[in-house]
Amino acid sequence: MTDFRKEEEKSMNFIEEIVESDLAAGKYKSIVTRFPPEPNGYLHIGHASSICLNFGLTSKFPGYTNLRFDDTNPTTEETEYVESIKEDIKWLGFQWKNELFASDYFDKLYEFAVLLIKKGLAYVDDSSSEQIATMKGNHTTPGQNSPFRERSVDENLGLFERMKKGEFPDGSRTLRAKIDMAHQNLLMRDPILYRIKHAHHHRTGNNWCIYPMYDFAHGQSDSIENVTHSICTMEFVPHRELYDWIIEKLQIFPSHQYEFARRNLNYTVTSKRKLLQLVNEKFVSGWDDPRMPTITGLRRRGYTPESIRDFCERIGIAKRDNLIDVSLLEYCIREHLNKISQRRMVVFDPLKIVISNFPEMHEEILKGEDNPEDPDAGHRDIPFSRDLYIEQDDFMENPPKKYFRLTPGQMVRLKSAYIIKCEEVIKDDAGKVIEVRCTYIPESRSGSDTSDINVKGTLHWVSMKHAVKCEVRLYDRLFRVEDPSSEEGDFKDYINPDSLQVIETAYAEPAVLTTTFNDRYQFLRKGYFCLDRESSEEKIVFNRTVTLKDTWAKELKKG
RNA sequence: UGGCCUAUAGUAUAAUGGUAGUACAACUGAUUUUGGUUCAGUUUGUCUAGGUUCGAAUCCUGGUAGGCCAACCA
């Protein structure tokens, strides 16, 4: 019920408005959308936005969404990508109605081409790529007709069939639409419909040696599937005129194209070409490197599908250029993880604490809340003993103002345990603090505190002899600048050299031993973590999904 | 140089001719056994010049700025 209210209050984006008014006007009884990836790379956060839009539309309004692979260029497309794309969409929480491929329509598309030839609207051109480019003209000067433009229908039919049969080498001929070489829209100057490519296709094998261009495949595929609202990004705006022209001349189901501005995230790149470079040139460990903005990278990093959907909902859909602040994505994942993750204590950079008034061989089992945000989450056992680790950061001999942590003579609480007081600082020959001797207040035990002592700071800790060693990988933004693509020179010059920091040995409380790959943890005062897929029985590896908000760090930065 | 698209706070997005709102970010403060969470509050905006109108972020015109278009890529 509360969800429904929320829905109602939320305003629609411009595409939802178009759909609503089409439905209200009785133009359609239900709608069909499609998500049309080319299987030549992995899906990234920008695609997530498009996926949420297309599938979201058909969950808000009657209708369904297809998954259609736009696989008309055999030289760049691979089955590996088909599989990853399907996995990512499912993981995001969406289910398509039909799984389709543009290559399913190669026969149909060929028939469409023949029909266009018969209508005198397409011709075979023997010009070279360079000649076609020259004759195209440019923004200010009209193009020139190809010398092959006036071939007879029969001659075109014969030549096109021979192209299909493989009688001509790559690049020697094309099929072109006969529109208008002086058209203001360059895409309407007799666009190429088919090209010859003697290449193996991931699905049709060697059946074909001619392949349709995007403009002669996409719109017709939409039409064949009765797609009502074909949604794409702004760079396809000029294609819409051609899209409509072909549908009109073929007299097939009139799908309509609508464009929105692709979503851009700061401190990263989301072009497939650039992501591929990062992978191939080993700036990252692969498509699923946790620093990558790919869906698979975000998944490995510990992002949840809920948080990504929430993010896409919040950033909205519009037509203007944008560069979205990654802090919103981080906000979304923190918000979700805060609700669902179990709390654990892990020390990254240990400093030994000895509780001198605690018996040496003694140990106690304390209870720690699994999640204070969730009353049903329960508790875990935490062993406490005389020798402990805290973070180096959490002790300072000469603290700055407003430092609430352990300092000589002062008291802090150990989370879920006791209040301790710093009594003595032990240093090595170089003057480095190697151990801090404390006393504890026995009656300050968490949950049954009768000490009446108030302390400012609470620290996380682990019992030395119970500590479990693990590796922790800390990630930061991949680039040093907000928009690497708009900087001078190569975008790779702006990679953040500190985007990965590995803590080879961190010390965790024993409760982490039962972690499964689905678990989400909040390491107290450190951030949210999940098990990395490289984790094993011998070596536990955690990925930091995102830090906690840290107002103290901010304070320090201000100086 | 032509055409097309776009312009609301630092960022993103609403307001559909009638009170410029929301979220994130930033900043105060309260609460807190996480410097987390939560809560209360503050700062910041209609690109510009005209026009239409009782009234313009919204409609019109000019300008400015950004983006896209001259692949046998999608």
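Quick note on labels: first sequence line is chain A, next is B, and so on, each numbered from 1.
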Starting from [atom2] on [N], measure out to [atom1] on [X] and report it in whole angstrom.
{"X": "E482(A)", "N": "A25(B)", "atom1": "CD", "atom2": "P", "value": "15 Å"}
{"X": "I333(A)", "N": "C24(B)", "atom1": "CD1", "atom2": "C1'", "value": "16 Å"}
{"X": "N322(A)", "N": "U8(B)", "atom1": "CG", "atom2": "P", "value": "11 Å"}
{"X": "F523(A)", "N": "U34(B)", "atom1": "CZ", "atom2": "C1'", "value": "14 Å"}
{"X": "E330(A)", "N": "A23(B)", "atom1": "CD", "atom2": "P", "value": "20 Å"}
{"X": "Y267(A)", "N": "U11(B)", "atom1": "OH", "atom2": "P", "value": "12 Å"}
{"X": "D394(A)", "N": "U34(B)", "atom1": "CG", "atom2": "P", "value": "13 Å"}
{"X": "R189(A)", "N": "G3(B)", "atom1": "CZ", "atom2": "P", "value": "13 Å"}

Whole-angstrom distance between [N] and [M], as gauged at atom [atom1]:
{"N": "U43(B)", "M": "G66(B)", "atom1": "C1'", "value": "28 Å"}
{"N": "U33(B)", "M": "A57(B)", "atom1": "P", "value": "50 Å"}
{"N": "G36(B)", "M": "U31(B)", "atom1": "C1'", "value": "13 Å"}
{"N": "U13(B)", "M": "G45(B)", "atom1": "C1'", "value": "13 Å"}
{"N": "G3(B)", "M": "C59(B)", "atom1": "C1'", "value": "24 Å"}
{"N": "A23(B)", "M": "U1(B)", "atom1": "P", "value": "44 Å"}
{"N": "A20(B)", "M": "U44(B)", "atom1": "C1'", "value": "13 Å"}
{"N": "U22(B)", "M": "G41(B)", "atom1": "P", "value": "11 Å"}

Within the structure shown, what part of the strands sits under 4.0 Å from [X] by heavy-atom distance: base, sugar-phosphate, or nothing?
{"X": "T141(A)", "value": "nothing"}
{"X": "G447(A)", "value": "base"}
{"X": "I419(A)", "value": "nothing"}
{"X": "L328(A)", "value": "sugar-phosphate"}
{"X": "K526(A)", "value": "nothing"}

Those residues that, when tested against [X], pass salt bridge (charged side-chain N to carboxylate O under 4.0 Å, His left out) (two or more places apart):
{"X": "D483(A)", "answer": "none"}
{"X": "D70(A)", "answer": "none"}
{"X": "K557(A)", "answer": "none"}

Would you call the rings of [X] and [Y] parallel, tilted or perpendicular if under 30° counts as parallel and over 60° as perpendicular?
{"X": "F160(A)", "Y": "Y110(A)", "result": "parallel"}
{"X": "H239(A)", "Y": "Y214(A)", "result": "perpendicular"}
{"X": "F542(A)", "Y": "F523(A)", "result": "perpendicular"}

Test of understanding: with side-chain contact (heavy atoms from CB on, under 4.5 Å), list the residues that count as partners of [X], not counting sequence neighbours.
{"X": "V412(A)", "result": "L406(A), I420(A), L459(A)"}
{"X": "E306(A)", "result": "T304(A), R309(A), H336(A)"}
{"X": "H139(A)", "result": "L186(A)"}
{"X": "D310(A)", "result": "R314(A), C332(A), E335(A)"}

For RNA chain B, write out the stems as range with range, using runs of 3 or more consecutive Watson-Crick or G-U pairs with both distances under 3.5 Å. B:2-7 with B:64-69, B:10-13 with B:21-24, B:26-30 with B:38-42, B:47-51 with B:59-63
Annotated protein contacts, base or backbone, on [range] with a non-hydrogen cut-off under 4.0 Å, one of B, S, - each:
{"range": "nucleotides 65-74 of chain B", "answer": "-SSSBB-BSB"}
{"range": "nucleotides 42-48 of chain B", "answer": "-------"}
{"range": "nucleotides 35-40 of chain B", "answer": "BBS---"}

Please determine, for the side chain of K554(A), which listed nucleotide (A12(B), U33(B), A26(B)) has the closest atom? A26(B)
Under 3.5 Å, is there a donor-acceptor pair linking the side chains of Y267(A) and E482(A)? no
Pair E38(A)-N40(A), side-chain donor/acceptor within less than 3.5 Å: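 Result is yes, a qualifying pair exists.
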What's the spacing between N54(A) CG and T33(A) OG1 if we round to 0.5 Å? 4.5 Å
Please confirm whether R413(A) makes a cation-pi placement over Y418(A), using NZ or CZ under 6.0 Å from the six-membered ring centre and within 45° of the ring normal.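 That pair does not qualify as a cation-pi contact.
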Taking OP1 and OP2 of U8(B), is either one under 4.0 Å from a side-chain nitrogen or oxygen of R320(A)?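 Yes, because at least one side-chain N or O of R320(A) sits under 4.0 Å from OP1 or OP2 of U8(B).
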Using ring centroids (six-membered ring only for Trp), state whether H202(A) and Y81(A) fall under 6.0 Å. no
Among all residues two or more places apart in sequence or in another chain, which pass the ring-ring contact (aromatic ring centres under 6.0 Å, His included) test with F311(A)?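 Checked F311(A) against ring-ring contact (aromatic ring centres under 6.0 Å, His included); zero matches.
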Would you state whether a donor and an acceptor, one from the side chain of R413(A) and one from the base of U33(B), lie under 3.5 Å apart?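 Answer yes: a donor N or O sits under 3.5 Å from an acceptor.
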